[in-house]
Undergrad: 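One structure, pasted below without further comment.
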Amino acid sequence: DSTRLSAYRSAKARGLTNKRAAVHAKEASINFNRMGTAGPVINGLWMFSNASIQGTTKMIRAMRNPKVAATVALGMTAAVVAVGQWNDQWDEKWREKVTKWDRLNSLVVVLPSSTPEQFNYFVIPVSWGLKPLLNLSNYAYDAAEGIEWEWGDFLRDMTTATLEAANPVGGTTLTQALVPTALDTFVDVQSNQSWSGSKIK
């Protein structure tokens, strides 16, 4: 709302009418009323998909500017490297101790502990549209640090992250990302895997 208010005031200061300024303000962020003819059906099948598709579309449009794209890529890479080095300093096996969901969707920050048995961390969520870049940066950092990973895992995680850029309730596997929201529970129970990547039982 503060972003929209600022956009409205800025538009009014440039001489736009109240109506034009209001339209400009509504488009400054995600306009939840904007959708195509199939929008209601898609949004009904995959909850929040309209907002996520719009947010990703706005991000891609912004990234068409090479300066913006370079700044975002460098910022994400720098954040992953800084957080990774911090985490490795406190626990070299932190990757095995965090959920796959947290690693796919957020920057994971390990909290210092006085004993090796204690392990706590917090996460800094990343925009849905930036998930593929986050995962690419994670895998690149792990490779640079000599952490072994499988190409199959890399391709699955990148595909899931890309799909979730337009479907924010997908989960941690390709199947969970593709399945409509109403079927999530059945798929999770059948695979014995929750949306976070952990076992249900």
Undergrad: Does some side-chain heavy atom of V72 sit less than 4.5 Å from a side-chain heavy atom of L130?
TA: yes
Undergrad: What's the shortest heavy-atom distance between W46 and L178, and which atoms?
TA: NE1-O, 3.0 Å
Undergrad: Would you mind reporting whether V187 and T175 have side-chain heavy atoms less than 4.5 Å apart?
TA: yes
Undergrad: Quick one: do D88 and R95 make a salt bridge, cutoff under 4.0 Å?
TA: yes
Undergrad: Roughly how far apart are E145 CD and E92 CD, rounded to 0.5 Å?
TA: 9.5 Å
Undergrad: Kindly say whether V80 contributes a backbone atom to a donor-acceptor pair with the side chain of N138 at under 3.5 angstrom?
TA: no
Undergrad: How close do A25 and A7 get, counting heavy atoms only, and between which atoms?
TA: CA-CB, 3.9 Å
Undergrad: Do L107 and L134 come close enough that some side-chain heavy atom pair is under 4.5 Å?
TA: yes
Undergrad: Compare every heavy atom of D142 with every heavy atom of W149, then report the nearest pair and how far apart it is.
TA: CD1-CB, 4.0 Å
Undergrad: According to a 4.5 Å side-chain heavy-atom criterion applied to Ile, Leu, Val, Met, Phe, Trp and Tyr, with indirect links allowed, do L104 and V108 form part of one hydrophobic cluster?
TA: no
Undergrad: Would you say Y8 ends up clustered with L16 if hydrophobic residues are merged whenever their side chains have heavy atoms under 4.5 Å apart, either directly or through other cluster members?
TA: no
Undergrad: Without swapping roles, check the side chain of N135 against the backbone of M158 for a donor-acceptor pair under 3.5 Å.
TA: no
Undergrad: Over all heavy atoms of both residues, which pair between W86 and P112 is shortest? Give the atoms and the distance, please.
TA: CZ2-CG, 3.7 Å
Undergrad: Tell me, yes or no, whether the heavy-atom count around Q118 atom CD, taken from other residues, nucleotides or ligands under 6.0 Å, exceeds 12.
TA: yes
Undergrad: Assess whether side chain to side chain contact (heavy atoms under 4.5 Å, CB included) is satisfied between N105 and V126, documenting all intermediate values.
TA: CA-CA 6 Å; N105 296 282; V126 171; over 6 Å; no
Undergrad: Assess whether atom CZ of R14 is packed by more than 12 heavy atoms of other residues, nucleotides or ligands within 6.0 Å.
TA: yes
Undergrad: Scan side-chain atoms only and decide if D102 and T99 contain a donor-acceptor pair under the 3.5 Å cut-off.
TA: yes
Undergrad: Evaluate the criterion side chain to side chain contact (heavy atoms under 4.5 Å, CB included) for residue pair S137 and T77; output intermediate values, then yes/no.
TA: CA-CA 6 Å; S137 299; T77 303; 3.8 Å; yes
Undergrad: Under a single-linkage definition using a 4.5 Å side-chain heavy-atom cutoff for Ile, Leu, Val, Met, Phe, Trp and Tyr, are V83 and I147 assigned to the same hydrophobic cluster?
TA: no
Undergrad: Does the side chain of K12 come within less than 4.5 Å of R9's, by heavy atoms?
TA: no
Undergrad: Within the structure provided, determine whether P132 and T162 are in side-chain contact (heavy-atom separation under 4.5 Å).
TA: yes
Undergrad: Carefully, step by step, assess T71 and V68 under the rule side chain to side chain contact (heavy atoms under 4.5 Å, CB included).
TA: CA-CA 5 Å; T71 301; V68 173; 5.8 Å; no
Undergrad: Taking the six-membered ring for Trp, are Y121 and W94 ring centroids under 6.0 Å apart?
TA: no
Undergrad: Pair Y139, D157 - check side chain to side chain donor-acceptor pair (under 3.5 Å), show working.
TA: CA-CA 10 Å; Y139 274 98; D157 287 350; 2.6 Å; yes
Undergrad: Taking all non-hydrogen atoms of both residues into account, name the closest pair between H24 and A11 and its distance.
TA: CD2-CB, 3.8 Å
Undergrad: Within a strict 4.5 Å, meaning less than it, do heavy atoms of the F119 and V98 side chains meet?
TA: yes
Undergrad: Mind listing the closest non-hydrogen atom pair of W90 and S113 along with its distance?
TA: CE3-N, 4.5 Å
Undergrad: Just how far is it from atom CD of E150 to atom CG of L155, taken to the nearest 0.5 Å?
TA: 11.0 Å
Undergrad: Does E27, at its CD atom, have more than 12 non-hydrogen atoms belonging to other residues, nucleotides or ligands within less than 6.0 Å?
TA: yes
Undergrad: Is there a path from L74 to L136 through hydrophobic residues (I, L, V, M, F, W, Y) whose side chains come within less than 4.5 Å of each other?
TA: no
Undergrad: Is the cationic atom of K131 (NZ for Lys, CZ for Arg) positioned less than 6.0 Å from the six-membered ring centroid of W101 and within 45 degrees of its normal?
TA: yes
Undergrad: Side-chain heavy atoms under 4.5 angstrom apart, residues restricted to Ile, Leu, Val, Met, Phe, Trp, Tyr: same cluster for I60 and I42?
TA: no
Undergrad: K97 and side chain to side chain donor-acceptor pair (under 3.5 Å): which partner among N120, N87, D91?
TA: D91
Undergrad: Test D184 against V179 for side chain to side chain contact (heavy atoms under 4.5 Å, CB included), laying out the working first.
TA: CA-CA 6 Å; D184 277 350; V179 168; 4.0 Å; yes
